[in-house]
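Everything on this sheet refers to the single structure shown next.
The chain is numbered in sequence order, starting from 1.
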Amino acid sequence: MSYGEKKILPLVNDFVRLYDEIEVITELSNHQVDLIDGGFDLGIKVGQLPDSTLIAKPLGQRVSYVCASTSYLEKHGEPVNLTDLKLHNCLLGIQDFWRFTDDGKERTIKVKGNLRCNSGMALLDAALKDIGIIQLDDYFVKPYIESGQLVPILEPFRRAEERLWAAYPQNRYLSPKIRLLIDFMAEHLD
């Protein structure tokens, strides 16, 4: 949902401002949604597309970073390998593990910490307040990495970029309005 709130919905709003005669109804979810049963014309999905009955167009990609504040790293040291994460306070989202790439293969590492939250903004705030290490997507952390408030760590293990897809049922006619929205998003997502 956070990707939808930070990246997709602002684009949808820009689209509606340009094409005010087009009605757009959006629904955000972190759960797998069946586009056909749900009556949706279009879905935006990050990562792998498990349903091969859908037609998908790539829109962009996102990158995940593991990072911490300089103060946290000065006090606790910087992990240099994935096993070192056991020695650190890892701020958790909804899952007990983080994903990495190790020797070209995806690897999940179970992490622990004293803070768990389903809000990326809250986890970002905690990391900025020197509480621990986070793994969050670029749209959360990039400005803070660029300003030096957060330091990316474990870069050799950063997981591969994940694609962002526009997906729609193949047995449904793709209206010109939907195609226009897909093209608009593909053009404006960075």
Check residues 103-112 and write down every donor-acceptor pair under 3.5 Å in which the side-chain atom is one partner and the other belongs to a residue at least two apart or another chain.
{"residue": "R107", "atom": "NH1", "partner": "D102", "partner atom": "OD2", "Å": "2.7"}

Problem - Sidechain-backbone polar pair: D84 side chain, V80 backbone, donor-acceptor under 3.5 Å - result: yes
Problem - Pairwise distance CG(L164) to CZ(R62) - rounded to 0.5 angstrom - result: 8.5 Å
Problem - Exceeds 12 heavy-atom contacts within 6.0 angstrom, atom CG of L18 - result: yes
Practice task
Using modelled atom types only, decide if a donor and an acceptor are shared between the side chain of T101 and the backbone of A160 within a distance under 3.5 Å.
Solution key: yes
Problem - Contacts of type ring-ring contact (aromatic ring centres under 6.0 Å, His included), residue F140, not counting sequence neighbours - result: none
Handout entry: Result of checking L136, I145, D137 against Y65 for side-chain contact (heavy atoms from CB on, under 4.5 Å)
Key = I145
Fill in the blank from the handout: Residue set satisfying side chain to side chain donor-acceptor pair (under 3.5 Å) with R159, at least two apart, ordered chain then number -> E162
Problem - Hydrophobic cluster (4.5 angstrom, side-chain heavy atoms) - remaining members for L87 - result: none
Practice task
Look at the rings of H76 and H88 and say which category their plane angle falls in: under 30° parallel, 30 to 60° tilted, over 60° perpendicular.
Solution key: perpendicular
Under 3.5 Å, which donor-acceptor pairs do the side chains of residues 113-127 form with other protein atoms, sequence neighbours left out?
{"residue": "N114", "atom": "OD1", "partner": "N89", "partner atom": "ND2", "Å": "2.8"}
{"residue": "R116", "atom": "NH1", "partner": "G93", "partner atom": "O", "Å": "3.3"}
{"residue": "R116", "atom": "NH1", "partner": "D96", "partner atom": "OD1", "Å": "3.2"}
{"residue": "R116", "atom": "NH2", "partner": "D96", "partner atom": "OD1", "Å": "2.2"}
{"residue": "S119", "atom": "OG", "partner": "M121", "partner atom": "N", "Å": "3.4"}
{"residue": "S119", "atom": "OG", "partner": "A122", "partner atom": "N", "Å": "3.1"}
{"residue": "D125", "atom": "OD2", "partner": "K129", "partner atom": "NZ", "Å": "3.0"}

Completion exercise
Under a side-chain separation threshold of 4.5 Å, the hydrophobic residues clustered together with F97 are none
